[in-house]
Amino acid sequence: FQRTENKNFTWRFSYSNRVDYLPKSNIFQEQTNANDYNFEGKWTQFKENILTFSFIKRDFNTNNQNQLNNLLGRLDQQLLIKKGFIRGNLTYEISSGQEQKIEYNYIKVYAGQGNYIWIDRNKDDIAQQDEFEIAPTAIQADYIRVVVLSNQFIPTNNLNLNSSFSIDPKIILADNKSLLKIFRKFNFQSNLKVLRKIRSDVGENSLNPFATIKSDTSLVSSTLLFRNLLQFNRSNSIYDIQLSHTRNFQRSILINGLESRVLDEYLSRIRVNYNKQLSSILSLGFFEKSNNSQALISRNYFVQTNRLEHQ
């Protein structure tokens, strides 16, 4: 079923069924039965504002009574207002899959050829995961860390969200409006990226990228990158000012439990060109960095740092 006569909004719905048989004795026996429901379309709100989408619901059954229900989809939105005064892009994807658990092993190498050192904290002469640290000097580094893939897999519902948004006032504010002239010098940009994998057998909300996960054991892996940038006098030959905030959050599941890392950066930057031969850049930053591990408690930390840099 489809509708194509309306150019502003077109859509299409389809259904398909696939049955696979395998020979058993003297007959063909049904092995799998799959049903696909597909809905896709395109919505043109304005000439530059277009929304496209495609979603597939898939039911998969086998003769041993195993049943899989998957939802796949993608949505794209383009936004352009007042010739670029406001711009935006959004991509939203959902899928199903499985995640392989990983673990870290530390292998001894010649001194100076590694990245880690072993500190036997409990004095038992047995190397344990939480006893390896990044070497303070290169000559002490005599261990390397390798990733080992396990044979354990977790069924997951996956979500991917990418968006960008910007505001540029100078596009709509004329030069002769002196009261609003100051706003022409501002520019704002925002970027958001969310990657999330949730266990498909726990009933959590896997469609909403901002939904609160009720249980930590439901979350397989999660990455969030959020950045905001405010600029004043951008591309000016004399001076410009920038203020930014970046948040980077990562969580992954290891053999011995979940591990989370968070990094927040608050930065301010001022650039001044005194002449063609001399310029100056002053940067001021505030950072918060933390790590949280369920099993390796000795690796948990929360660090705040200030930085002042002049070039």
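Since we're looking at a predicted model, the values are computed, not measured.
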Tell me every residue that passes side chain to side chain donor-acceptor pair (under 3.5 Å) with Thr32, counting only those two or more places apart in sequence or in another chain. Asp20
Taking everything shown except Arg121 itself, do over 12 heavy atoms lie less than 6.0 Å from its CZ? yes
Verify whether one side chain among Asn275 and Asn273 offers a donor that lies under 3.5 Å from an acceptor in the other. no
Scan Glu133, Gln128, Glu131 and name whichever one has a side-chain hydrogen bond (donor to acceptor under 3.5 Å, both in side chains) with Trp118. Glu131
Option passing side-chain hydrogen bond (donor to acceptor under 3.5 Å, both in side chains) with Thr91 (candidates Asn160, Asp76, Asn162): Asp76
Candidate pair Lys185 and Asp240, rule salt bridge (charged side-chain N to carboxylate O under 4.0 Å, His left out), full reasoning: CA-CA 9 Å; Lys185 297 180 180 293; Asp240 68 66; over 6 Å; no
Is a donor from one side chain sitting under 3.5 angstrom from an acceptor on the other, for Asn38 and Asp36? no
Verdict with supporting geometry, Asp59 and Lys57, salt bridge (charged side-chain N to carboxylate O under 4.0 Å, His left out): CA-CA 7 Å; Asp59 299 329; Lys57 176 68 167 63; 2.6 Å; yes
Relative to the ring of Phe286, is the ring of Tyr266 parallel (under 30°), tilted (30 to 60°) or perpendicular (over 60°)? tilted
Examine Phe39 together with Phe53 and report whether their ring centres are nearer than 6.0 Å. yes
Less than 4.0 angstrom from a charged side-chain N to a carboxylate O is my criterion; do Arg87 and Asp168 meet it? no
What is the minimum heavy-atom distance between Ser163 and Leu90, and which atoms define it? CB-CD1, 3.8 Å
Step by step, work out the side chain to side chain contact (heavy atoms under 4.5 Å, CB included) result for Leu225 and Asn191. CA-CA 8 Å; Leu225 179 61; Asn191 298 90; over 6 Å; no
Hey, can you pull the donor-acceptor pairs under 3.5 Å for the side chains in residues 6-15, sequence neighbours left out?
residue: Asn6; atom: OD1; partner: Asn8; partner atom: N; Å: 3.0
residue: Arg12; atom: NH1; partner: Glu40; partner atom: OE2; Å: 3.3
residue: Tyr15; atom: OH; partner: Asn35; partner atom: OD1; Å: 2.6

Results of ring-ring contact (aromatic ring centres under 6.0 Å, His included) for Tyr116 - residues two or more places apart only: Tyr106
Nearest heavy atoms of Asn228 and Ser190, plus distance in Å: OD1-OG, 2.8 Å
Is the number of heavy atoms from other residues, nucleotides or ligands within 6.0 Å of CG (Leu308) greater than 12? yes
